[in-house]
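What follows is one structure encoded as structure tokens, with my remarks underneath.
In what follows, chains are A, B, ... by sequence order, proteins preceding strands, each numbered from 1.
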There are 2 protein chains.
Amino acid sequence: MKTLKIPEATITRLSVYSRFLEQVDRKGVVTISSSEIAEGVGVSPAQVRKDLAYFGEFGTRGVGYNVKELLHQTLKILGLNQEWRMVVVGAGNLGTALCSYRGFRERGFRVVGIFDNDLTKIGKKIMDLEVLGTEKIPEVVKEKDVGIGIVATPADAAQETADILVKAGVKGILNFAPTILNLPEDVEVRNVDLSVHLEILTFNLRVERLKKMV
Amino acid sequence: MKTLKIPEATITRLSVYSRFLEQVDRKGVVTISSSEIAEGVGVSPAQVRKDLAYFGEFGTRGVGYNVKELLHQTLKILGLNQEWRMVVVGAGNLGTALCSYRGFRERGFRVVGIFDNDLTKIGKKIMDLEVLGTEKIPEVVKEKDVGIGIVATPADAAQETADILVKAGVKGILNFAPTILNLPEDVEVRNVDLSVHLEILTFNLRVERLKKMV
DNA sequence: GACTGTGAAGCCATTCACAGCT
DNA sequence: AGCTGTGAATGGCTTCACAGTC
């Protein structure tokens with residue numbers, strides 16, 4: 001197959017291009033060049049072309065890319081021409097925020113269930129959802145055809161939570177807990193570690209400071 | 001200088017090693033080998049050694065690394081032997097969640113101010129902080145010696161917010177809004193785009209499905 | 001014998017530079 | 001003339017393999 005072995009960085013950028021194209025499209029722009037995309041998202045024009053070329057020939061030589069068409073293609077590549085249903089486990093501040101995060105909805109991700117073990121949280125309403133006990137996870141995952149589980153629990157409950165989600169049948173997990181999850185190979189896991197980002201930031205800030213001292 | 005040109009991936013992993021070492025240390029383990037660290041965080045032993053070697057010789061041949069000592073070193077490298085003060089702009093669900101996120105505090109990041117433009121939010125208490133109007137940003141940044149600003153506003157307010165933060169004097173920005181920020185070179189920006197992570201996940205899930213069809 | 005630290009090799013991603021189309 | 005698509009060149013990160021140390 002041709003689509004195998006695409007750099008993950010390419011997918012990350014594709015996602016960014018895609019949203020940039022939405023912005024541009026909303027402004028009514030019809031055609032765009034690789035350099036304009038590059039300029040808009042902060043990468044090189046060659047990079048944009050190479051990334052797109054992994055998936056096909058979407059442009060016209062001498063002209064550029066049709067914005068609507070390219071937007072459509074990027075969404076399709078990313079699997080966003082369908083709705084993805086998700087559940088959130090952990091109804092703390094973070095879980096609540098993710099549940100109501102507009103950015104998800106805008107890209108076709110819909111939270112259809114939120115769960116917690118804490119009795120004081122069960123029964124609470126978040127958006128149009130009621131917080132349920134974690135024992136209800138399998139039921140909801142099956143009934144609502146949920147593909148993705150979001151782990152927003154404290155670190156020490158994360159593994160257990162992920163196990164329940166996988167057993168219930170989710171295919172992908174987005175993990176916000178600061179732990180490495182141990183899961184079967186066929187489950188896609190992505191870790192979003194908020195303090196790692198801050199730590200890279202502080203590392204770089206220190207390096208900058210050192211450079212200035214030279 | 002020797003410390004220049006360290007792969008960003010190395011820093012990311014260092015941050016993960018560091019937290020893993022905290023766990024291990026709490027269990028009372030004294031010595032650890034590169035393979036044990038590798039096992040624990042899901043990378044290769046050679047990778048662990050190479051990453052650490054960028055910064056010095058922390059181990060003992062034939063023995064391994066002293067857990068406490070290595071933990072101390074990683075924290076120092078990441079700049080976590082000091083407290084970092086931050087402000088959050090945007091007091092919506094996400095801003096509120098970040099404000100009270102325990103993972104930050106545990107690693108020495110302290111939120112000392114939260115701001116919003118929305119009059120219905122100003123005056124609200126979040127943890128021990130009162131939501132202030134964004135016009136107060138410069139004052140707080142100066143008085144509390146704030147180094148990092150977190151942008152948790154909607155996308156269309158993000159650039160403006162970042163500009164205010166930079167003018168107020170923050171050195172680093174953690175951006176949760178799904179937009180590319182245009183900022184001076186000497187400001188460190190990191191984008192945490194929550195839907196990008198989901199989109200990589202859905203892309204990979206689709207690829208898996210395709211592979212299985214072959 | 002066990003495990004680190006590291007040059008060298010291998011691999012992967014990005015950039016270059018140009019042929020090919022409009 | 002302008003811009004895409006792409007093989008070739010470059011650069012950077014990861015893995016290998018082993019010398020060095022305990």
Nearest-Å distance, NZ (A:Lys50) to P (C:dC18)?
15 Å
Are A:Ser15 and B:Ile200 close enough that some pair of their side-chain heavy atoms sits under 4.5 Å apart?
no
Given the rule in the side-chain contact (heavy atoms from CB on, under 4.5 Å) test, do B:Leu75 and B:Arg107 qualify, once you have shown the distances and angles that lead to the verdict?
CA-CA 9 Å; B:Leu75 289 173; B:Arg107 301 287 279 174; 3.7 Å; yes
Locate the shortest heavy-atom distance separating B:Ala177 from B:Ala155; write the atom from each residue and the value.
CB-CA, 4.1 Å
Can you list, in residue-number order, the parts of residues 38-48 of chain B that come under 4.0 Å of DNA chain C, counting heavy atoms only?
none
Show the distances under 3.5 angstrom between N or O atoms of the protein and N or O atoms of nucleotides 3-5 of chain C.
| from | atom 1 | to | atom 2 | distance (Å) |
| --- | --- | --- | --- | --- |
| C:dC3 | O2 | B:Gly62 | N | 2.8 |
| C:dT4 | OP1 | B:Ser34 | N | 2.6 |
| C:dT4 | OP2 | B:Ser34 | OG | 2.7 |
| C:dG5 | OP1 | B:Phe58 | N | 3.2 |
| C:dG5 | OP1 | B:Gly59 | N | 2.9 |
| C:dG5 | OP2 | B:Tyr65 | OH | 2.8 |
| C:dG5 | O4' | B:Arg61 | NH2 | 2.9 |
| C:dG5 | O3' | B:Glu57 | OE2 | 3.4 |
| C:dG5 | N7 | B:Arg49 | NE | 2.9 |
| C:dG5 | O6 | B:Arg49 | NH2 | 3.1 |

Count the heavy atoms of every other residue, nucleotide or ligand shown that sit under 6.0 Å from CD of A:Glu83, and state whether that count exceeds 12.
yes
Checking side chain to side chain contact (heavy atoms under 4.5 Å, CB included) against A:Trp84, which of A:Ile148, A:Val146, A:Asp145 comes through?
A:Ile148
Donor-acceptor contact present, side-chain A:Thr74 to main-chain A:Leu70, <3.5 Å
yes
Are the side chain of A:Lys144 and the backbone of A:Lys142 linked by a donor-acceptor contact shorter than 3.5 Å?
no
Any side-chain to backbone donor/acceptor pair from B:Asn191 onto B:Asp193? Under 3.5 Å, distance only.
no
Using the side chain to side chain contact (heavy atoms under 4.5 Å, CB included) rule, pick out the option among A:Leu71, A:Leu52, A:Leu21 that qualifies with A:Tyr65.
A:Leu52
Chain B reaches DNA chain D, atoms under 4.0 Å from its heavy atoms, from D:dC13 to D:dC22
Exactly one of A:Val166, A:Asp163, A:Val187, A:Ile173 should register a side chain to side chain contact (heavy atoms under 4.5 Å, CB included) with A:Leu181. Which one does?
A:Ile173
